[in-house]
Asks: 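Dropping the structure in here first, questions after.
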Amino acid sequence: MSTNTNNLPPVEALQALANQLFNALPEEAPKEVSFDPYEHPRATAFAKSITGEGVVPGVGVPVDEAWVQSGGPAPFAVSDPFNGIAAPPSATGLGASSSIASYGNTNTALPGAGEGNNYLPPGYEQTKSDQSTLNGGVPASVAGSGASPSYVHQQDNFSIKEPVTSFPDSNIDKPAGSKDIFALPYAGEQAYWSDVESILKLISISDAPSGISPLSPTADVHTPSFYFLQSREQPVQNGQLGGFTSGFDAYKIKRDFPILNEKVNGKSLVWLDNAATTQKPQLVIDRLSYFYRQENSNIHRAAHELAARATDAYEAARKKVQQFLGAKSPNEIIFVRGATEAINLVAQSWGDQYLKAGDEIIVSHLEHHANIVPWKRLADKKGLTLKVIPVDDDGQILLSEYAKLLSSNTKLVAFTQVSNALGTVTPAEQIVAMAHAAGAKVLVDGAQSVSHMPVNVQALDADWFVFSGHKVFGPTGIGVVYGKEALLNETEPWQGGGNMIQDVTFEKIQYHKAPNRFEAGTGNIADAVGLGAAIDYVTQLGMANINAYEHALLEYATYHLTQVPGVRLIGTAAHKASVLSFTLKGYSNDDVGKALNREGIAVRTGHHCAQPILRRMGVETTVRPSLAFYNTCEDVDRLISVLKGLVR
Ligand code: PMP
């Protein structure tokens with residue numbers, strides 16, 4: 001028994017009182033209060049669940065026996081934090097929306113499944129749109145379990161030189177489609193979990209398009225042949241969009257995106273500026289909020305609970321990106337600010353280190369400025385030659401001309417997988433293979449591809465692949481460089497500072513290996529975690545399903561747009577994704593953009609940071625609607641009707 005000299009009650013009594021108080025509070029996951037700085041029952045219990053110890057039969061969650069025997073509440077089993085608060089979640093409150101369930105299988109936990117639909121943490125105001133879309137409380141697919149295995153594992157043999165960060169995460173190491181791949185951090189603790197599962201079984205499951213595996217985004221590594229625009233004929237046949245019959249319900253999916261309920265100029269928003277940035281599902285918004293409410297800390301550096309939670313969440317996000325891209329190892333995934341920073345990183349690290357006067361870099365005519373300017377600057381600085389792969393009048397890469405540019409002087413080929421200005425899908429695998437045959441390295445700009453098609457970097461065999469989180473339904477300010485591991489480790493870092501070093505003296509510095517080698521300073525931890533949630537979301541929809549639906553919608557939009565008198569479609573490649581650049585005779589592009597905005601329709605007008613290709617097509621600017629999977633034929637119809645109104 002503790003004594004104290006301050007005439008206060010004994011510590012044990014205070015602790016018991018505090019535990020009673022916190023356990024009486026309804027709105028939090030189980031809480032334990034301990035004045036012992038080394039004791040954290042939830043972390044201990046969760047760690048045991050990972051090592052397989054102490055699982056209570058029938059409960060499925062571990063209990064720290066010593067803790068129970070000492071009179072403390074069993075951390076998960078006995079205190080149901082939602083008891084008396086939340087009714088079993090309704091299908092609409094699942095967070096995932098039944099639209100997602102349509103493409104998963106019945107046994108797959110949805111993103112957001114298991115969330116208490118009425119449960120809100122203190123201080124969180126539930127809005128109407130929260131109620132109609134996702135639960136605003138505990139976020140889905142929280143990667144860092146809060147159990148913080150890294151904390152537990154590192155306690156005894158923590159190494160400053162090699163902090164252990166990538167612990168196996170029970171949520172993400174399971175094969176796609178297994179039951180709790182998107183499990184919540186405390187999913188097993190929630191008493192209504194079985195209710196959720198039984199409701200999921202009631203949701204009708206539509207068939208995915210034949211031949212497409214709904215939950216294996218990397219299964220279809222070659223762009224499917226159906227992706228070619230089939231014809232300019234009316235694409236709606238027998239009431240089906242381009243013969244697309246999967247039941248992909250963009251209306252339901254739309255409900256996962258609160259901003260799509262916005263009114264603009266009194267009209268409901270139609271977001272057709274997806275090539276500039278995509279909107280965020282509630283799941284991502286919740287994940288960010290959860291991070292700041294319950295996990296926020298700097299990562300890797302401290303041996304305390306929140307540092308461990310944040311580190312786990314961040315490293316789990318890295319692993320999600322690895323799986324999303326089909327990379328060999330999470331060490332090949334570097335978090336950066338976006339595609340622009342990613343390309344600059346490669347130019348200023350590998351490019352600066354390995355390229356010398358006389359070497360040649362090849363880019364395509366289709367490139368975004370982000371994949372031109374860093375190379376041109378490097379070329380000017382080092383005396384390199386920049387060569388350009390030409391395109392035909394439809395905006396398609398001329399492979400035969402490309403072949404003529406390649407030589408033993410070619411050290412790098414950098415090109416986009418999808419053009420942001422024209423929508424052209426490039427023959428990426430061929431371009432990579434031809435570059436490798438010439439002995440050059442290859443960087444693929446995936447900023448416009450990852451949200452529209454399955455990508456597998458190993459099949460593609462790119463040396464680097466870059467993309468931005470905000471274009472794939474994740475937050476702004478976060479992006480990715482994938483690089484082959486050996487290549488990354490042979491490359492000097494581009495920025496120096498904390499986090500990327502193993503040892504520093506005034507005489508000598510030793511760097512970490514990738515990925516830390518390229519992540520100097522404090523990164524964008526929360527948004528990396530948010531990107532992980534976005535990846536969960538699109539993975540559940542299925543990239544192949546998204547690809548097929550968007551293709552049908554693109555055919556529909558292309559057909560109707562080209563029926564409008566005076567429209568000139570810029571970019572008519574047979575193989576396109578999402579983008580419909582055009583001009584309208586008699587109107588400036590700005591006028592068209594403003595007319596659309598008056599009707600609540602958001603499109604981009606301008607040069608789209610791709611001046612060389614627009615000039616090649618004979619224009620300075622275009623109007624550029626761009627599609628995503630939450631767009632519908634109705635959205636396209638509204639666009640077309642404004643254009644028809646203008647020309648009438
Ligand atoms: N490449 C392409 C093809 C893009 O479309 C963009 C963004 N429009 C970028 C690179 C740059 O992306 P970010 O601005 O997110 O860095």
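Indexing begins at 1, ligand by ligand and atom by atom, following the structure's order.
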Asks: Are Thr558 and Glu555 linked by a side-chain donor-acceptor pair shorter than 3.5 Å?
Replies: no
Asks: Taking only residues two or more places apart in sequence or in another chain, which ones pass side chain to side chain contact (heavy atoms under 4.5 Å, CB included) with Ser451?
Replies: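 Applying side chain to side chain contact (heavy atoms under 4.5 Å, CB included) to Ser451 gives Val472, Phe473.
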Asks: List by chain and number: which residues place a heavy atom under 4.0 Å from ligand 1?
Replies: Gly338, Ala339, Thr340, His368, Ala370, Thr416, Asn420, Asp445, Ala447, Gln448, Ser468, His470, Lys471
Asks: With the threshold set at 4.0 Å, does a side-chain nitrogen-carboxylate oxygen contact exist between Lys382 and Asp352?
Replies: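 Yes, Lys382 and Asp352 are salt-bridged.
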Asks: Can you list everything that forms a ring-ring contact (aromatic ring centres under 6.0 Å, His included) with His607? Sequence neighbours excluded, please.
Replies: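 Per chain and number, His607 pairs via ring-ring contact (aromatic ring centres under 6.0 Å, His included) with His369.
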Asks: Check this for me, if you would: do Asp394 and Lys576 make a salt bridge, where the nitrogen-to-carboxylate-oxygen distance has to be below 4.0 angstrom?
Replies: no
Asks: Could you list all the side chain to side chain donor-acceptor pair (under 3.5 Å) pairs where at least one residue sits in residues 617-628, not counting sequence neighbours?
Replies: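 Passing the test, one end in residues 617-628: Ser581-Thr622, Asn589-Thr621, His608-Thr622, Arg615-Glu620.
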